[in-house]
Amino acid sequence: MRKLLLILCMLSALQAAWAQNGKKVYADFHGVRYTRQHDGKLGRWEMYANTEKSATGRKSLCYNADLINADGRNQIAAVYYPQVGMQSNLDPDYIEYQILSAKAAQIDGFFIEWGFKPHENDELLRAMQQVAVKYDFEIGVNWCDGWLYYDWITKIYPEINTREAKTAYMAQCYQYLVDSVFTGPTAPIVKGMPVFYHFGPGATIDEYRKVLSEVKLPQGMKQPVALRRWADWGKLENDTYIPVTQSADMDAWKQVGEVPTAWLPARVRPRDEAHAAWDNYATPNDVIEFMKPFRDSIWHSSNPAYTVKSGFAMPGMDNRGCAGWGRGHFYYIPRNNGETYSNMWKFCMEEKEHLDMMFIASWSDYTEGHEIEPTIENGDRELRTTLKYAAEFKDEQADERGLTLPLELFRLRKEARFLEKSKMDVSGCIRALDKVALLISQRRYPVAIGLLSQIDNDVKGAKASLTVEMKRLRESELNIQGKRKSGGYNLSESLSIGFPKELVSQLQMNNYVGYLYFEYLDRGKETFFIRSSTSREPAEPFRIVSRIRTDDTGEWKSAKVELYKDNIVYGFNKPTFYLKGNVIIRNLSVGYTIYTVK
């Protein structure tokens, strides 16, 4: 019987190998998003911008991601909210969840939006590689070399202050990609060639030629294939979208070996009554019209220079999280309950014999609103669509049983880590979760499901052994040092908050979940901080409990800020929190749920 089972397993593996046709699916990955708990900052989760240039009448963006709404969600810079909540892109548990979720949908890798080293996105790239190597997942780049030609690099290296110096540094960055990204077990490879997406708009053609001339490829490596972003706007004639079918700029980039590839479809339609919240939008039909020049001039072409031909899909767009990254322009492409994304895949699948790969924009750009990562509002709908068509593209079977498992794995990992901080031994649970992660990556879903069920029971049993105590201290019970004036405390004169000794002792000894509550007068365009002492290094970012911007509505706004045990040092006979800024606050209180092992 055991021999029969072994033979069946081998046949199953062979069938899977036979089904693979070499086609790949990649997704753009946008970051970096941080959390106070993991990183001491927020990154792209927060956004403040003037949008007075917009025709919509909206004057500003003010997303205070430190603040938690009544529904328990942080005020992130996004229309849709992540299914797993606000997490750090550098948290290995979150990286694992994203990689396994993508892999369950038959996505082969992420292309990290990347500009240069040592930009923060390079740290994200390396963190992704460390996890991806465990799960046979690929990590590449969407090279936004425009970042290099802005003044961003000069702020880090003042001597790189001319285009010539930036071009020389770009050659070093390309060599870094060759040595560290286009080689090794996580390299993105299509048809035996390393591949990356070239977003631009940095180097000119001549500057890029110089970069290529200075890069040395390892023996045996084929020239990396650059998929060049082609996203010309087109025009509207008689209410019909007319795409651009020929581009002199793209013709020039072809001369250096780059293959024109789609990006977000053009949004040429001006704001109207049905789309009053956006300056421009596109219809689902516009999206398909936008793709046709790629089909006609690239995919159907016999030009041998098009070494890798890529299809393209995106779920929609709603950039009310950033308004064009502060440029004050709101764009919209409707998701249509998933139909926009599905129809883009269908369009590409009609041409799948001409395509070598698919590129998705994006996995995680919440700020521009074209993420396919599961959200509260859309669930895992886009993942199921991806799996359906990616399997068709690769001539493989679609197995939906794996799509929900990474979420369950992530939940149990976080619960296990909480129990560990509550002074419980969960080493066996963590080892079992490591095994589950490998099973999911190997598509051994039934075994993973069984093991997850066992771990869930163990975690529930461990949680049952915790004693839970609720503490809520009102303003009168806190040691507040500051001048109270009519209406509340003015933080322009520093305010500090201390706690009773008994509570300090409890918080030092036990694990907890805590929140600071207050109201603030939303007047002017001000910034105020809440800080604490910390034992973490570097100290300065982790001292910040929250940074809050006002938006000049003139209203009193409620605030709820999480207090992370990892970051905060509570002291006896001295303040724990310090508040500062040109803002008035009132009705301060704190609440803790304290966990003790029975």
Side-chain angles (χ1 to χ4, degrees), residues 24-30 109-116 121 140-150 166-167 170-171 173-174 177-178 181-182 188-191 193-213 215 217 222-234 243-266 290-314 344 348 351 354-362 365 370:
K24 296 288 188 70
V25 178
Y26 297 103
D28 173 80
F29 192 100
H30 183 270
F110 291 145
F111 282 12
I112 312 299
E113 293 189 16
W114 185 90
F116 57 86
N121 285 53
V141 296
N142 175 355
W143 196 354
C144 307
D145 62 321
W147 301 357
L148 176 56
Y149 283 84
Y150 303 151
K166 290 175 180 179
T167 301
M170 185 176 178
C173 290
Y174 199 127
L177 292 176
V178 166
V181 178
F182 302 153
I189 304 294
V190 178
K191 296 169 61 177
M193 296 172 284
V195 178
F196 68 97
Y197 193 90
H198 193 175
F199 190 90
T204 65
I205 299 292
D206 289 339
E207 288 168 338
Y208 191 65
R209 281 196 180 96
K210 182 171 177 57
V211 168
L212 292 176
S213 71
V215 173
L217 301 180
K222 295 182 180 179
Q223 180 66 41
V225 178
L227 306 176
R228 182 73 188 190
R229 177 177 64 115
W230 183 17
D232 285 344
W233 208 240
V244 173
T245 57
Q246 193 276 332
S247 167
D249 184 54
M250 283 300 106
D251 289 343
W253 283 102
K254 293 175 194 176
Q255 301 306 309
V256 290
E258 304 216 333
V259 184
T261 304
W263 184 246
L264 298 182
F290 176 83
M291 293 299 299
K292 288 180 179 178
F294 296 94
R295 176 195 64 191
D296 299 339
S297 63
I298 309 298
W299 304 349
H300 288 179
S301 174
S302 59
N303 187 342
Y306 299 154
T307 49
V308 172
K309 298 176 182 178
S310 178
F312 177 82
M314 60 98 226
M344 290 197 79
C348 293
E351 310 294 333
H354 299 293
L355 299 175
D356 305 303
M357 62 170 270
M358 283 290 297
F359 188 55
I360 301 166
S362 64
D365 197 338
H370 48 82

**Which atom of L148 lies closest to which atom of G115, heavy atoms considered** = CB-O, 4.4 Å
**Distance, nearest 0.5 Å, that separates CG of L264 from CZ of R229** = 9.0 Å
**Message:** Checking the side chain of K309 only, and the main-chain atoms of S301 only, is there a donor and an acceptor separated by less than 3.5 Å?
**Reply:** yes
**Prompt:** What do the steps show when you test Q246 against D251 for side-chain contact (heavy atoms from CB on, under 4.5 Å), and what is the final call?
**Reply:** CA-CA 8 Å; Q246 193 276 332; D251 289 343; 2.4 Å; yes
**Message:** Just to verify, what does T204 make a side-chain hydrogen bond (donor to acceptor under 3.5 Å, both in side chains) with, not counting sequence neighbours?
**Reply:** E207
**Request:** Using a 4.5 Å cut-off on heavy atoms from C-beta on, say whether the side chain of V190 contacts that of V225.
**Result:** no
**Pairwise distance NE2(H370) to CE(M314) - rounded to 0.5 angstrom** = 9.0 Å
**Prompt:** So, do K254 and N303 sit near enough that their side-chain heavy atoms are less than 4.5 Å apart?
**Reply:** no
**Message:** Show the nearest heavy-atom pair for residues D206 and R209, with the distance to one decimal.
**Reply:** OD1-NH1, 3.1 Å
**Item:** Side-chain donor or acceptor of W299 paired with backbone N/O of S310 under 3.5 Å
**Value:** yes
**Prompt:** What are the two closest non-hydrogen atoms of V308 and L227, and how far apart are they?
**Reply:** O-CD2, 3.7 Å
**Request:** In sequence, state the C-alpha distance, the side-chain angles, and the governing distance for Y197 and F359, and then conclude on ring pair (Phe, Tyr, Trp, His ring centres under 6.0 Å).
**Result:** CA-CA 9 Å; Y197 193 90; F359 188 55; 4.6 Å; yes
**Asked** So how far is it from F294 CZ to L355 CG, rounded to the nearest 0.5 Å?
**Response** 12.0 Å
**Request:** Check whether any side-chain heavy atom of M170 lies under 4.5 Å from a side-chain heavy atom of F116, and answer yes or no.
**Result:** no
**Asked** Below 4.5 Å, heavy atoms only, C-beta onward: do W114 and C173 meet side chain to side chain?
**Response** yes
**Message:** According to side-chain hydrogen bond (donor to acceptor under 3.5 Å, both in side chains), who are the partners of Y208, at least two apart in sequence or on a separate chain?
**Reply:** E258
**Side chains of Y306 and H354 in contact at under 4.5 Å (non-hydrogen atoms)** = no
**Message:** Check whether N121 reaches the backbone of E113 with its side chain - one donor and one acceptor, N or O, closer than 3.5 Å.
**Reply:** yes
**Rounded distance (nearest 0.5 Å) linking atom CE of M358 with atom CE of M344** = 7.5 Å
**Request:** Return the minimal non-hydrogen interatomic distance between L217 and P224, and the atom names on each side.
**Result:** CD2-CD, 4.0 Å
**Complete:** Value for OG (S247) from CZ (R228), rounded to nearest 0.5 Å, stands at 10.0 Å
**Request:** Determine, step by step, whether W263 and D28 satisfy the side-chain contact (heavy atoms from CB on, under 4.5 Å) criterion, reporting the C-alpha distance in whole Å, the side-chain angles of both residues, the deciding distance to 0.1 Å, and the verdict.
**Result:** CA-CA 10 Å; W263 184 246; D28 173 80; 3.9 Å; yes
**Message:** Whether the side chain of K166 engages the backbone of Y149 through a donor-acceptor N/O pair (distance < 3.5 Å, no angle test) should be reported.
**Reply:** yes
**Asked** Do you know which two heavy atoms are closest between Y174 and L212, and how far apart they sit?
**Response** CE1-CD2, 3.7 Å
**Message:** I'd like to check P243 versus K292 (side-chain heavy atoms, cut-off strictly below 4.5 Å). Are they in contact?
**Reply:** no
**Prompt:** Roughly how far, to the nearest 0.5 Å, is CD1 of I360 from OH of Y26?
**Reply:** 12.0 Å
**Message:** Restricting to non-hydrogen atoms, name the atom on F290 and the atom on D232 that form the minimum distance, rounded to 0.1 Å.
**Reply:** CE1-O, 3.8 Å
**Message:** Run the side-chain contact (heavy atoms from CB on, under 4.5 Å) test on M193 and T307 for me, step by step, so that the C-alpha distance in whole Å, both residues' side-chain angles and the decisive distance to 0.1 Å come before the verdict.
**Reply:** CA-CA 9 Å; M193 296 172 284; T307 49; 4.0 Å; yes
**Request:** Please say whether more than 12 non-hydrogen atoms of neighbouring residues, nucleotides or ligands are located less than 6.0 Å from NZ in K210.
**Result:** no
**Request:** Go through T245 and D296 one step at a time and tell me if the side-chain contact (heavy atoms from CB on, under 4.5 Å) criterion holds.
**Result:** CA-CA 9 Å; T245 57; D296 299 339; over 6 Å; no
**Prompt:** Do the non-hydrogen side-chain atoms of F182 and F196 ever get within less than 4.5 Å of each other?
**Reply:** yes
**Item:** Side chain proximity check, D145 to F199, heavy atoms < 4.5 angstrom
**Value:** no
